[in-house]
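Data block below; observations after.
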Amino acid sequence: MKLKHILAAALALTVGPAFLSDPVLTGAPATAPAALSESGAALAGPFSPVITVDGRAITEYELSQRIRFLTLLRTPGDPAEEARTTLINERLYELAAQRAKITVTDEELRTGMEEFAGRANLALPQFLQAIGSGGISEETFRAFVRAGLLWRNVVRARFGPRAAQVDERDISNLINLAPSSAGARVLLSELVLPATPETAAQSQALAERLQREIKSEVAFARAAREFSVSPTAGRGGKLEWIPLANLPPALAPVILSLSPGQVSPPVPVTNAIVLFQLRALDEVDGGLPKGVKVDYAVLSVAGTDPAQAQAAVMQVARSADTCNDLYGLVKGRPGMKLVRETRAMSQVPNDIGIQLARLDADESSVALTRDGGRTRTLVMLCERIVSEADDARKTEVRGALVNRRLGTLAENYLAELRAQAIIVEK
């Protein structure tokens with residue numbers, strides 16, 4: 001394969017072999033040959049040191065080879081500056097590995113080199129021949145891979161157990177809230193009309209008329225401000241982006257049948273009728289999670305004075321940071337009824353499901369009322385739970401979270417090593 005084809009293949013690579021795609025290791029090229037590093041201080045010419053890191057030399061030869069290698073890979077930035085930075089980092093990797101008594105076996109090194117070559121669709125001998133035609137020695141490439149492996153092993157040994165302690169709820173929430181797992185997310189506006197026995201017929205007629213007449217977002221916002229009893233009325237009924245998977249299953253098909261700007265048929269919920277306007281739909285690859293369940297709590301406060309009931313609900317909402325806090329806050333208080341349960345989204349009442357759809361874990365809503373406004377409610381999402389059918393996705397997300405934590409810990413550790421080292425540049 002010609003050198004220009006290697007360059008094209010290299011553009012698709014992170015600067016490092018496949019195992020360097022972790023956030024911990026990306027962009028961490030390795031050193032030139034160890035023998036050159038140790039003997040460089042004693043030799044003249046290209047093997048004289050240009051940088052020392054705690055007494056470990058980086059030679060002129062290593063620096064020129066690294067510049068040539070980064071140029072071949074078309075690494076962003078100034079190749080000379082990047083070469084200095086990465087070579088200094090690699091000396092720090094070596095020091096950390098030496099302190100932790102961590103090494104790389106010949107088998108690991110060979111595998112790493114083959115993986116890198118394989119990502120350019122070449123066998124290792126072909127790859128070495130190709131980079132050799134660009135003036136890069138096999139020993140330079142070997143040391144490049146070795147340093148990345150050393151750093152990976154150091155980071156995993158030092159921080160792996162800590163980074164692996166991922167909360168299952170973090171995984172579930174990330175899956176359900178990320179657009180990539182939800183398949184689509186929707187931007188809606190809502191208009192909520194009261195539907196008590198006395199007002200149900202009138203509200204239904206009004207809802208049907210508004211659905212026929214509203215033709216724009218401006219008109220919907222105007223109607224929401226005039227007729228809606230939801231707290232969102234003041235902002236024209238506008239909601240934030242909601243993953244489609246968070247909505248009650250019965251509502252999702254209704255929303256997906258709309259084009260942007262269209263208004264849904266009236267949706268009956270407990271003691272209310274709701275109109276939705278689709279403002280935007282954001283589609284992504286992935287499809288909807290299956291079998292999503294929700295752990296949620298509903299606090300109902302009944303009273304002859306709706307204002308007092310609402311004040312009581314608001315007080316609890318301000319004081320509760322988690323669902324578990326609710327038990328102590330309502331204990332011994334007459335007129336308060338707390339129910340907590342875990343259900344599939346398909347089994348959650350629509351009025352509660354609509355509230356849960358817009359919440360993250362341990363967030364609450366006080367928008368829902370019942371019994372003609374006489375009973376005020378607090379709806380709190382405790383957790384979204386992904387079914388066993390999503391185990392593969394859970395494993396993927398867990399790995400991403402662990403790598404993200406490892407990346408942060410590794411960056412901090414490298415900064416600490418750099419601050420403690422004596423670095424002399426010529």
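Side-chain atoms are counted along with the backbone in the values below, which use heavy atoms only and exclude waters and symmetry mates. Start at 1 with the first residue, then count along the sequence.
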Derivation and outcome, side chain to side chain contact (heavy atoms under 4.5 Å, CB included), residues Lys337 and Val301:
CA-CA 7 Å; Lys337 180 182 178 182; Val301 180; over 6 Å; no
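- Geometric assessment of Arg343 against the ring of Tyr296 yields a negative cation-pi assignment under the 6.0 Å and 45° thresholds.
- Between atom CG of residue Leu87 and atom CD of residue Gln65 there is a gap of 10.5 Å, rounded to the nearest 0.5 Å.
- With hydrogens and angles disregarded, no donor-acceptor distance shorter than 3.5 Å links the side chain of Asp295 to the backbone of Cys382.
- The nearest pair of heavy atoms linking Pro265 to Val254 is CD-CG1, 4.2 Å.
- Note that the CG atom of Leu409 and the CG atom of Leu414 stand 12.5 Å from one another [nearest 0.5 Å].
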Using side chain to side chain contact (heavy atoms under 4.5 Å, CB included), reason through Val294 and Leu381 one step at a time and then give a plain yes or no.
CA-CA 7 Å; Val294 283; Leu381 176 64; 4.1 Å; yes
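- Within a 6.0 Å sphere centred on CZ of Arg235, other residues, nucleotides and ligands contribute more than 12 heavy atoms.
- Between the Gln277 side chain and the Ser216 main chain, a donor and an acceptor come within less than 3.5 Å of each other.
- Glu138 has a carboxylate O that lies under 4.0 Å from a charged side-chain N of Arg142, or vice versa, which qualifies the two as a salt bridge.
- Between Leu188 and Leu278, the closest side-chain pair of non-hydrogen atoms falls below 4.5 Å.
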Pair Glu94-Gln98, side-chain hydrogen bond (donor to acceptor under 3.5 Å, both in side chains): steps then yes or no:
CA-CA 6 Å; Glu94 293 171 357; Gln98 184 179 32; over 6 Å; no
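- Side-chain atoms of Thr52 never come within 3.5 Å of backbone atoms of Gly55 as a donor-acceptor pair (strictly under, hydrogens ignored).
- If you check the side chains of Arg358 and Asn246, you find no donor sitting under 3.5 Å from an acceptor.
- Judged by distance alone, the side chain of Ser203 and the main-chain N or O of Pro194 form a donor-acceptor pair under 3.5 Å.
- Here the closest heavy-atom approach between residue Ala317 and residue Ser364 is recorded as CB-OG, 4.1 Å.
- Atoms CZ and OG1, on Arg225 and Thr232 in that order, are 10.5 Å from each other to the nearest 0.5 Å.
- A 4.5 Å side-chain heavy-atom check between Pro349 and Ile352 finds at least one atom pair inside the cut-off.
- For the residue pair Pro266 and Pro268, the shortest heavy atom distance occurs at O-CD, 3.5 Å.
- Remark: Gln202 CD is loosely packed, at most 12 non-hydrogen atoms of other residues, nucleotides or ligands lying under 6.0 Å away.
- What you find for Thr375 and Ser300 is that their closest heavy atoms are CG2-CB, 4.0 Å.
- A distance-only check finds no donor-acceptor pair linking the side chain of Arg185 to the backbone of Trp241 [under 3.5 Å].
- Expressed to the nearest 0.5 Å, how far CG of Leu281 lies from CG of Leu258 amounts to 10.0 Å.
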Does the salt bridge (charged side-chain N to carboxylate O under 4.0 Å, His left out) test come out yes or no for Glu114 and Arg110, once each step is laid out?
CA-CA 6 Å; Glu114 290 173 346; Arg110 180 76 180 184; 3.3 Å; yes
Run the side chain to side chain contact (heavy atoms under 4.5 Å, CB included) test on Tyr413 and Val155 for me, step by step, so that the C-alpha distance in whole Å, both residues' side-chain angles and the decisive distance to 0.1 Å come before the verdict.
CA-CA 9 Å; Tyr413 183 42; Val155 170; 5.5 Å; no
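- Looking at Arg91 and Glu62, a side-chain N of the basic residue comes within less than 4.0 Å of a carboxylate O on the acidic one, giving a salt bridge.
- Scanning both residues, Asp362 and Thr322, for their nearest heavy atoms gives OD1-CA, 3.5 Å.
- Two residues are said to be in side-chain contact when any heavy atoms from C-beta on lie closer than 4.5 Å; Leu239 and Ile242 meet this criterion.
- Minimum interatomic distance between Ala344 and Lys293 (heavy atoms only, all atoms of both residues): CA-CG, 3.9 Å.
- Crowding of Gln262 atom CD: a count of heavy atoms from other residues, nucleotides or ligands under 6.0 Å exceeding 12.
- Residues Val316 and Met314 are not in side-chain contact: their nearest non-hydrogen atoms beyond the backbone lie 4.5 Å or more apart.
- Of the possible polar contacts, none joining the Glu213 side chain to the Leu210 backbone as a donor-acceptor pair under 3.5 Å is found.
- In terms of modelled atom types and a separation under 3.5 Å, the side chain of Glu411 and the main chain of Thr408 share no donor-acceptor contact.
- In summary, Arg84 and Glu425 engage in a salt bridge, as defined by a charged side-chain N under 4.0 Å from a carboxylate O.
- With contacts defined as side-chain heavy-atom distances shorter than 4.5 Å, the pair Asn324/Arg340 qualifies.
- Here CG of Leu329 is found 9.0 Å from CG of Leu299. Values are rounded to the nearest 0.5 Å.
- Put simply, the side chain of Trp151 does not reach to within 4.5 Å of the side chain of Leu149, judged on heavy atoms.
- A 4.5 Å side-chain heavy-atom check between Phe141 and Val145 finds at least one atom pair inside the cut-off.
- Between the side chain of Gln204 and the backbone N or O of Ala201 there is no donor-acceptor pair closer than 3.5 Å.
- Atom CG of Leu378 sits about 10.0 Å away from atom CD of Gln355, to the nearest 0.5 Å.
- Between Ser230 and Ser228, the side chains place no donor N or O within less than 3.5 Å of an acceptor N or O (distance only, hydrogens not considered).
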Run Leu128 and Ile131 through side chain to side chain contact (heavy atoms under 4.5 Å, CB included) and show every step you take.
CA-CA 5 Å; Leu128 293 175; Ile131 63 173; 4.2 Å; yes
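- Phe276 has its side chain within reach of Val267: a pair of non-hydrogen atoms, C-beta onward, lies under 4.5 Å apart.
- Side chain of Thr86 to backbone of Ala83: a donor-acceptor contact under 3.5 angstrom is found.
- One N or O on the side chain of Lys215 and one on the backbone of Arg212 form a donor-acceptor pair closer than 3.5 Å.
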